[in-house]
Amino acid sequence: MNKFLKRLLTVALVLSAFLPSLHATDWDGAINVVLGAKRLDQNPWEPVDSQPSFGIMLDARQPDWPLNAALDIYYSGDKGTANGISREGSTTEFNLGVRKIFRVDRAMRPFIGVGSSFVAASLKNSAAGVPSQSDSDFGAGVWIGGGIYWTLADALNIGFNLKYTSAKVTLLDNRYDAGGRFFGTVIGLSF
């Protein structure tokens with residue numbers, strides 16, 4: 001298990017430990033794990049431009065707030081080979097913003113959100129007989145997303161999330177977008 005996954009699971013466990021105290025103090029919100037795929041622009045990412053991705057979505061609000069404060073953390077990464085070049089690429093996103101949760105009925109919760117995105121990206125190229133090249137960078141941008149989940153038994157969330165992120169980074173002396181399109185399944189807890 002890589003270091004990021006261990007840290008992400010640790011954050012999820014710590015946050016879930018606070019759920020009972022948030023519920024007792026009139027906070028309303030959700031903590032959800034998201035599993036899916038991130039699609040980046042082909043250059044420079046091909047053949048790793050479609051990456052498995054996972055993350056945590058956290059949002060919370062007081063009863064008199066019209067919007068939830070949102071903090072989302074996503075990781076994506078993959079390895080692949082094309083034209084004799086092996087490539088490894090990954091991104092880590094920290095998304096801050098607001099999310100509107102619509103309570104259509106007792107269980108259905110469509111949502112939309114928007115905010116700032118902070119993205120760390122890395123890229124490594126290697127080929128037989130040639131020294132490998134690697135680079136990493138950090139960029140800031142925006143995210144927008146939405147989806148729907150159903151809250152079962154007033155606690156368990158199950159649904160879908162669609163998100164777009166844009167954040168420019170410089171990798172191997174070229175300027176690229178480390179954001180992309182994400183689609184995934186949502187499972188988590190409401191409080």
Side-chain angles (χ1 to χ4, degrees), residues 1-15 31-58 70-97 112-149 158-188:
M1 187 180 296
N2 70 31
K3 289 181 186 178
F4 181 80
L5 180 56
K6 287 180 183 177
R7 289 180 185 148
L8 189 64
L9 291 174
T10 301
V11 168
L13 290 173
V14 169
L15 291 173
I31 180 169
N32 295 304
V33 174
V34 188
L35 303 171
K38 181 176 181 178
R39 180 79 175 165
L40 297 112
D41 289 335
Q42 281 188 310
N43 291 324
W45 303 100
E46 191 178 17
V48 294
D49 52 325
S50 183
Q51 302 178 350
S53 181
F54 60 90
I56 294 178
M57 295 172 51
L58 173 66
L71 168 64
D72 303 338
I73 304 168
Y74 288 88
Y75 172 82
S76 69
D78 204 2
K79 299 176 184 178
T81 302
N83 302 322
I85 298 174
S86 296
R87 181 165 286 158
E88 295 178 39
S90 67
T91 66
T92 303
E93 297 182 19
F94 297 91
N95 298 326
L96 300 171
I112 58 173
V114 65
S116 299
S117 184
F118 306 94
V119 181
S122 66
L123 190 64
K124 180 180 180 181
N125 295 330
S126 53
V130 178
S132 64
Q133 298 177 309
S134 63
D135 200 2
S136 60
D137 194 19
F138 178 83
V142 296
W143 68 272
I144 185 168
I148 187 169
Y149 60 83
I158 299 174
F160 305 97
N161 179 30
L162 180 65
K163 177 180 67 73
Y164 174 77
T165 307
S166 180
K168 300 292 185 181
V169 295
T170 301
L171 297 171
L172 303 174
D173 298 324
N174 292 301
R175 194 85 170 141
Y176 298 109
D177 195 343
R181 298 172 305 279
F182 171 86
F183 178 78
T185 57
V186 172
I187 186 163

S.K.: So, does Trp45 use its side chain to make a donor-acceptor pair with the main chain of Ser90 at under 3.5 Å?
M.R.: no
S.K.: Under the 3.5 angstrom rule, does the side chain of Asp137 hit a backbone N or O of Thr170 as a donor-acceptor pair?
M.R.: yes
S.K.: Got a second to check how far Thr91's OG1 is from Tyr74's OH, nearest 0.5 Å?
M.R.: 11.5 Å
S.K.: Hydrogens and angles aside, do Lys124 and Ser122 bring a side-chain donor and acceptor to less than 3.5 Å of each other?
M.R.: no
S.K.: Contact between Glu88 and Leu123 at the side-chain level, heavy atoms closer than 4.5 Å - yes or no?
M.R.: no
S.K.: Specify the closest pair of heavy atoms between Asn161 and Gly146, including all atoms of both residues, with the distance to one decimal.
M.R.: OD1-O, 3.2 Å
S.K.: Rounded to the nearest 0.5 Å, how far apart are CG of Asp41 and OG of Ser166?
M.R.: 8.5 Å
S.K.: Checking Asp135 side chain against Leu172 main chain: does a donor-acceptor pair fall under 3.5 Å?
M.R.: yes
S.K.: Is it true that the side chains of Asn174 and Tyr176 contain a donor and an acceptor less than 3.5 Å apart?
M.R.: yes
S.K.: Quick check: do Lys163 and Met57 have side-chain heavy atoms less than 4.5 Å from each other?
M.R.: no
S.K.: Can you name the nearest heavy-atom pair linking Val169 to Ala178, along with the distance?
M.R.: CG2-CB, 3.8 Å
S.K.: Taking CZ in Phe138 as the centre, count heavy atoms belonging to other residues, nucleotides or ligands within less than 6.0 Å. Is the count above 12?
M.R.: yes
S.K.: Using 0.5 Å steps for rounding, measure from the CD atom of Gln133 to the CZ atom of Arg87.
M.R.: 9.5 Å
S.K.: Taking Ser117 for the side chain and Gly141 for the main chain, is one N or O donor matched with an acceptor at less than 3.5 Å?
M.R.: no
S.K.: Using the six-membered ring of Phe54, assess whether NZ or CZ of Lys38 lies under 6.0 Å from its centre and within 45 degrees of the ring axis.
M.R.: no
S.K.: Report the C-alpha separation of Trp143 and Tyr164 in whole Å, then their side-chain angles, then the decisive distance to 0.1 Å, and conclude whether the side-chain contact (heavy atoms from CB on, under 4.5 Å) test is met.
M.R.: CA-CA 6 Å; Trp143 68 272; Tyr164 174 77; over 6 Å; no
S.K.: Please report the interatomic distance CD1(Ile56) to CD1(Ile73), rounded to the nearest 0.5 Å.
M.R.: 6.0 Å
S.K.: When rounded to the nearest 0.5 angstrom, what distance separates CG in Asp72 from CG in Leu58?
M.R.: 8.0 Å
S.K.: Does the pair Leu40 and Asp177 meet the rule for a side-chain contact (heavy atoms from CB on, under 4.5 Å), with working shown?
M.R.: CA-CA 8 Å; Leu40 297 112; Asp177 195 343; over 6 Å; no
S.K.: If you compare all heavy atoms of Gln51 against all heavy atoms of Gly77, which two are closest, and at what distance to 0.1 Å?
M.R.: OE1-N, 3.4 Å
S.K.: What distance do Asn32 atom CG and Thr185 atom OG1 have between them, rounded to the nearest 0.5 Å?
M.R.: 10.5 Å
S.K.: Side chains of Phe94 and Val119, heavy atoms from C-beta outward: is any pair under 4.5 Å?
M.R.: no
S.K.: Please find the pair of heavy atoms, one from Thr81 and one from Ser86, that lie closest to each other, and give the distance.
M.R.: OG1-OG, 3.3 Å
S.K.: Taking all non-hydrogen atoms of both residues, which atom of Gly89 and which atom of Val48 are closest, and how far apart?
M.R.: N-CG2, 4.0 Å
S.K.: Measure across Gly80 and Pro47 and return the closest heavy-atom pair with its distance rounded to 0.1 Å.
M.R.: C-CG, 3.6 Å
